[in-house]
Amino acid sequence: MSELSKSYLSVHYGLRPSKQVERRMIIDAFQLLTESGFIIRKYKYVGMGSIHFIDFSMFHKYFGISDMLSVEASEDIDNRIIFNTPYKNVVQTKTGEFIGDAIADLDSERSHFLWLDYDDVICDFMIRDLIYAITTLRSSSILLFTVDTEPPKRNAGTDSYETRQQTQEYYYSVASKYLASDMQTDDFSYDNLHHINIRVIANAIQSSMNSTDRKFHPIFNFIYKDGHRMLTIGGMVVDSTDEEKLKNSPVFDANYARKSFDDQPFYINVPKLTRREQILLDSFMPCEDGWKPDEFEISIDDVKAYKDIYRFFPSYAELFI
Amino acid sequence: MENAKALPRKRFFIEMFTRDISLNDCILDLIDNSIDGYFRQNETLFSEIYNEKMNSKGEKLPQIKIDFDEKSIKIFDTCGGISYDYAKEEVFNFGHEYNHYESGDSVRLGVYGIGLKRAIFKMGNYFKIASSTLDSGFITEIISLDEWSKKDDSLDDWMFPIQKYAKREGATLIEVKDLRKETSGAIRDKLFEKFLYDDVARVYTLFLERYVEIIINGKSVKPLPIMFSESEDIVTATKEITIDNVKIKLYAGLAERDEINPWTAEKAGWYIACNGRIVVSANKDETTGWGVGALPLFHSKQRGFIGLVTFTSINPWLLPWTTTKRNLNKESIVFQKTRVEMQTIARPIISFLDKMYQKESQEENIDRKIVMNVTAVDIRSISNREDKKFEVKISTLQKKSTTTIQFSVEKKDIDKIKKYLNDPRLSNGQIGKITFDEYLKRVKI
């Protein structure tokens, strides 16, 4: 049906430690949001489970969300999806439908946790889905939006990437309304592309919320790279009451939380460590800034990176089951 | 402290505010006045305009007759007329008082209190108005507006002479002569009458055949209804909201269609009514949210989409229309908030239509089959419904049981089969089907 839905063939979902750290941080944030009165365990989770359902398993197992919907665009793998669905009394599946179109059927009286978890470079329909979601979801709902921030590929399925100028043309073709008109070609360098994505997303959100009584309050702004560099922007749709509640939430004390689109993203950087090294580092966590172990060579930067994520680092074997 | 003068000037009104309005729209303003006359005499609630209240008793409806040629324009209506007192105190003022809208809950189309004057100024130099209710009446006649406008020394010059009128017939005649050059020029255009007819048919579709009959140069105008289509499987989406004392009802679904009349891009899009008057028709651009936010740019495959938004308020100032009432005040907060709702309600229909026209053969597409079995539904028969989402029910029986096979073969092999079957016109797809069926027959499964 779409190129997107085929990503389950190319990505081994279990071998993505940074994505896993991201999921665990999200669960941690939900616990902190619960302290502020947002009972996210009672929300309905709507995501794109593909055939792996890792997020579904985690949100049910570790956080207790018990009403879930997975939407898959592909029509040809019905049986595979049904076979792989974990917790069949908890997870409903819908196939042959784009997630953006499934939003219309969500119960407007209920809070949702919706993850538009795209594997591809941002494009016009994703922005439309994002806007549709934030203008449709009721206050207190959580929305996450993930996109690939690598330069767009020249032709789908090839490995040749666009030049800066072609990247610029691409971005203007899919999101011109949400980009400043005076941007230079050099702004579309690899190192800046994720910032451009953040700007596009922030502008799209802002322009669509202008005329509503609600706002989108950012909570997450993750950058990580298990292969492709990915961006996840997340936050809560809030009315004035929920906004007050959220602003005072302890979630913003967490090192990964970001309350404004203008803040620098949180870079999930998972240092490569052996099991023995990890156990030793854990015994000193959280460590003082500048500390490093005497037992083996490791840079202070890597220790700092580990300190940022150690609570969320998968401590089991690499494959999540 | 002394005061500086801040007086209005007649010339300013006559020249400035006639520039931005077409002759068509001036005539529509006069029709608005006639319709308001009807609603003044026959208190009509907003809910009734959109409901199933047809002229079922066969009563003769009040008429609004518009007759024009290069020399004069006449509008005669039997909608109830204007009383002497109302004419003396209100009708000729430029704009209404602050508390003008604070009483009553009847439908009203007049907003600014300039339509009548603007129309007359635009059309010609001479005018006469003779009107009466069943209780009182008046006549006003100005031989030369040009002369009238030259006398402009004080506010006392802002008067029109008025006399009592003996008739008591519940009717109004407005006659304009000594037409302005551009007015007679516009009327000379053979298409002017047709365009006016089309505009009236569209703009007053919710009033025609129910409250009034409008006759243009002898031709009774038939309304251009806004029709949806529904069936057991397809339900039009409806939603009601209230923003800042404006009641808003949204309808969105599939347009009317049958085998002879397929969907057309011309009729597709959003229709917007303010107090029952259509201000925007078949809109498919950014005004109504296409190509911004959650909706893509309009594409011809979406020509099955139709939507109607009705804004109603006893205070017409609150409605998002412009002074010509032929467009939207896009900055209006009421409209901006509604536009988000319009996009939300339209989106599933757009997705449905996009899916319907995916590259699949027509026979296999269930959605196409479903839309073949719809029947036309008038807006009034669904206006009382509670909020509903757009729904397409696909019964399990209809669920797709087929799939597509694609593979490459040597061209010479295809040619061999064509030759064998003695039919060179066979397409590759047909050959594929024949060979597949042959295999099934042979293995008997």
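Nothing here was measured: the structure is a model prediction, and the numbers come from that model.
- Interface remark: A:Asp101 contributes backbone and side-chain atoms alike to the contact with chain B (heavy atom separation under 4.5 Å).
- A salt bridge is defined here as a Lys NZ or Arg NE, NH1 or NH2 lying under 4.0 Å from an Asp or Glu carboxylate O, and B:Asp244 with B:Lys337 fails to meet this definition.
- Interface check for chain A: of the options B:Gly291, B:Ala294, B:Ser351, B:Pro348, the most heavy-atom pairs under 4.5 Å are formed by B:Ala294.
- For a residue to count as touching a neighbouring chain, one of its non-hydrogen atoms must lie under 4.5 Å from one of that chain's; by this rule A:Ser207 does not touch chain B.
- Each of B:Trp290, B:Phe298, B:Phe390 was evaluated against B:Phe305; a single residue qualifies, B:Trp290, per the ring pair (Phe, Tyr, Trp, His ring centres under 6.0 Å) test.
- Between chain A and the residues B:Glu341, B:Gln343, B:Lys389, B:Arg347, the largest count of heavy-atom pairs under 4.5 Å involves B:Arg347.
- A tilted orientation is assigned to the rings of B:Phe228 and B:Tyr251, their planes being inclined by 30° to 60°.
- By number of non-hydrogen pairs under 4.5 angstrom with chain B, the leading residue of A:Asp213, A:Leu130, A:Ile127, A:Asp124 is A:Asp213.
- Judged purely by atom type and a 3.5 angstrom limit, A:Asp67 has no side-chain atom pairing as donor or acceptor with the backbone of A:Lys42.
- Within the 4.5 angstrom heavy-atom criterion, no atom of A:Asn210 approaches chain B.
- Comparing B:Ile333, B:Ile345, B:Leu295, B:Ile243 by heavy-atom pairs within less than 4.5 Å of chain A, the highest count is held by B:Leu295.
- In this structure, B:Lys388 places its NZ atom where only 12 or fewer heavy-atom neighbours from other residues, nucleotides or ligands lie under 6.0 Å away.
- Side-chain atoms of B:Ser231 and B:Asp233 form no donor-acceptor pair, as typed in the model, at a separation below 3.5 Å.
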